[in-house]
Amino acid sequence: MSLAIIFNGQGAQYKEMGQDFARTFPEARAVYEKIETLTNYPVRQWITDDFEALQETRYAQVAIAATSLAIYESIQAKLPAIDYMAGLSLGEYSSLIASGMLSLEEGFSLIKTRGQLMTNHCQTLRESSDIVMAAVMKMPLEEIQAVLKEVNKAEEKLYLANLNSSTQVTIAGTTEAFNQFKKIARTRGYKKIMPLKVEGPFHTPYMDAVCAPYDEALAPLSFSEGEVLVLSNTTVKPHQTEKVKELLVRHLVEPVRWQETIASMKTFGVTKIIQIGPGKTLANLLKREPEAPDTLVVDKVADVEEIEEFLGG
């Protein structure tokens, strides 16, 4: 058996996420308490009583990553050796912290800064541009790229953002370009194209203004070798300490290559995957992929009982 741990990204948040772990496991409570002290954010209050705050990127990213790490710390002792870690978008940061490549202290300082920079830039974008992000369902990537090329032939205004699975890709750009894309796609028989409720056009060149200040935030941080290999969303290869900062900056403006990440895990021999953290998004994506590794979601305390059987006793 070869085991991988994966962490969900932004959009997975839901009211009361992780709070059964906080009530049951002292390890989870300790993680939440430490992150609330580090960030000066009332994370558990948002999750339980002020969930509307988590519609903002700057708060959602801290809360989701906190929940993921709280659950991970609660079950870590029940896990055998882990061969790989990865996470979709924000989830990559949970992986870097859980693997030991980045300390909890520096990791959450970075996540807080990243979220603030992204929210501020998205607010500026909304004042000057009409931008949309959308999921394109059951349309082959080659077809999507062909339509993008047609839409962008005069000026590039629409981009790939997340390559989530063989049946789901997200794109982002101006509303005008998106409407043109949708019209062309429908003439080719692809009608399931849905705008997403997100704060901005993440993982596209529209986020370029965030790169320089984020690079500055990364500069004083130190990354270690870590205990587990973490796959990069950007290169689909294991992170190396000397390249990780550069890749995290690129991560802001380049597509998340999640489908390829899972394919790489299979190539590396991964047979079991545990998704840790709020929601079942990544596990649901895996269900649509042929010959995907067996997957278990650990999102509730009740899921913990399934770990031993899932791993083969």
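It should be emphasised that the depicted structure is a prediction, and the values quoted were computed from it without experimental measurement. Quick note: residue numbers are just sequence positions, from 1.
- Among residues two or more places apart in sequence or in another chain, the side-chain contact (heavy atoms from CB on, under 4.5 Å) test is passed with Ala22 by Gln19, Arg29, Tyr32.
- Checked by atom type and distance alone, the side chain of Asp303 pairs as donor or acceptor with a backbone atom of Lys300 at under 3.5 Å.
- With hydrophobic clusters built from ILVMFWY side chains whose heavy atoms lie under 4.5 angstrom apart, Ile5 does not share a cluster with Val236.
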Take Val304 and Ile307, measure what side-chain contact (heavy atoms from CB on, under 4.5 Å) needs, and give me the verdict at the end.
CA-CA 6 Å; Val304 177; Ile307 294 174; 4.2 Å; yes
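- Two residues are said to be in side-chain contact when any heavy atoms from C-beta on lie closer than 4.5 Å; Lys157 and Tyr206 meet this criterion.
- For the side-chain hydrogen bond (donor to acceptor under 3.5 Å, both in side chains) criterion with Ser89, the lone passing option out of His203, Gln61, Gln10 is His203.
- The heavy-atom pair separating Glu106 from Ser103 by the smallest distance is N-OG, 3.1 Å.
- In plain terms, the two heavy atoms of Asn8 and Ile64 that are nearest each other are O-CG2, 4.3 Å.
- In this structure, Lys272 satisfies the cation-pi test against Phe310, with its NZ or CZ atom closer than 6.0 Å to the six-membered ring centre and inside 45 degrees of the ring normal.
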Give the intermediate values and the outcome of side-chain contact (heavy atoms from CB on, under 4.5 Å) for residues Leu218 and Phe223.
CA-CA 10 Å; Leu218 280 161; Phe223 288 82; 4.3 Å; yes
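- Within the 3.5 Å criterion, the main-chain N or O of Asn233 finds no donor-acceptor partner in the side chain of Arg257.
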Report the C-alpha distance between Phe25 and Ile75 in whole Å, list the side-chain angles of each, state the deciding distance to 0.1 Å, and finish with yes or no for side-chain contact (heavy atoms from CB on, under 4.5 Å).
CA-CA 9 Å; Phe25 291 95; Ile75 69 168; 5.5 Å; no
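- At a cut-off of 3.5 Å, with distance as the only test, no side-chain donor of Ser166 or Gln259 sits close to an acceptor on the other residue.
- Glu306 has its side chain out of reach of Glu309: every pair of non-hydrogen atoms, C-beta onward, lies at least 4.5 Å apart.
- Side-chain atoms of Lys243 and Thr235, non-hydrogen and from C-beta on, never get closer than 4.5 Å to each other.
- Within the 4.5 Å cutoff, the side chain of Thr295 has no heavy atoms near those of the Ile274 side chain.
- Pro278 approaches Thr67 most closely through the heavy-atom pair CD-CG2, 3.9 Å.
- Separation of atoms OG1 (Thr167) and CZ (Arg288) is listed at 5.0 Å; rounding is to 0.5 Å.
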Could you pull out every donor-acceptor pair under 3.5 Å between side chains of residues 192-199 and any protein atom, sequence neighbours left out?
| from | atom 1 | to | atom 2 | distance (Å) |
| --- | --- | --- | --- | --- |
| Glu199 | OE1 | Thr57 | N | 2.7 |
| Glu199 | OE1 | Thr57 | OG1 | 2.6 |
| Glu199 | OE1 | Thr119 | OG1 | 3.2 |

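- Between Arg114 and Glu92 there is no salt bridge, since no side-chain nitrogen of the basic residue lies less than 4.0 Å from a carboxylate oxygen of the acidic one.
- Here the CG atom belonging to Asp130 is positioned 3.0 Å from the OG1 atom belonging to Thr175, to the nearest 0.5 angstrom.
- In the hydrophobic clustering of this structure, Met85 does not group with Leu247; members are Ile, Leu, Val, Met, Phe, Trp, Tyr whose side-chain heavy atoms approach within less than 4.5 Å, directly or through other members.
- Atom OG1 of Thr170 sits about 11.0 Å away from atom CZ of Phe202, to the nearest 0.5 Å.
- Between the side chain of Lys112 and the backbone N or O of Val62, no donor-acceptor pair lies under 3.5 Å.
- The distance from the CG atom of Leu158 to the NZ atom of Lys182 is 12.0 Å, given to the nearest 0.5 Å.
- To the nearest 0.5 Å, atoms OG (Ser95) and CG (Leu90) are separated by 9.5 Å.
- Contact check for Met118 versus Leu252: side-chain heavy atoms found under the 4.5 Å cut-off.
- The minimum heavy-atom distance linking Ala86 with Thr261 is given by the pair CB-CG2, 3.9 Å.
- Note on Phe178 and Met207: separate hydrophobic clusters, where clusters join Ile, Leu, Val, Met, Phe, Trp and Tyr whose side-chain heavy atoms are under 4.5 Å apart, directly or indirectly.
- You'll find the side chain of His239 reaches within 4.5 Å of the side chain of Ser232, heavy atoms only.
- Contact check for Pro201 versus Tyr159: no side-chain heavy atoms found under the 4.5 Å cut-off.
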CA sep, side-chain torsions, deciding dist, call: Tyr14, Asp299, side-chain hydrogen bond (donor to acceptor under 3.5 Å, both in side chains):
CA-CA 11 Å; Tyr14 63 86; Asp299 175 33; 2.8 Å; yes
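- Note on Glu291 versus Lys266: no salt bridge recorded, every NZ/NE/NH1/NH2 to OD/OE distance being 4.0 Å or above.
- Judged by distance alone, the side chain of Gln275 and the main-chain N or O of Gly279 form a donor-acceptor pair under 3.5 Å.
- Shown here for Cys211 and Val249, the closest heavy-atom pair between the two residues is CB-CG1, 3.7 Å.
- Linking ILVMFWY side-chain heavy atoms closer than 4.5 Å, directly or via other members, places Leu117 and Tyr59 in a single hydrophobic cluster.
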Check against side-chain contact (heavy atoms from CB on, under 4.5 Å), Lys183 and Asn179:
CA-CA 6 Å; Lys183 183 177 180 180; Asn179 288 337; over 6 Å; no
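- Cluster membership for Phe181 and Leu163, using ILVMFWY side-chain heavy atoms within less than 4.5 angstrom, is shared.
- Using bins of under 30°, 30° to 60° and over 60° for the plane-to-plane angle, the ring pair Tyr72/Phe7 lands in the perpendicular bin.
- How far CG of Asn164 is from CG of Asn284: 12.0 Å, rounded to the nearest 0.5 Å.
- With side-chain heavy atoms closer than 4.5 Å counting as contact, directly or through intermediates, the hydrophobic cluster containing Val256 also holds Ile6, Tyr84, Leu88, Leu229, Leu231, Trp258, Ile262, Met265, Phe268, Val270, Ile273, Leu282, Leu285, Leu286.
- Closest approach of Glu143 to Tyr190, counting heavy atoms only: OE2-OH, 3.5 Å.
- Counting heavy atoms from C-beta outward, Ile97 and Ile111 have side chains that approach closer than 4.5 Å.
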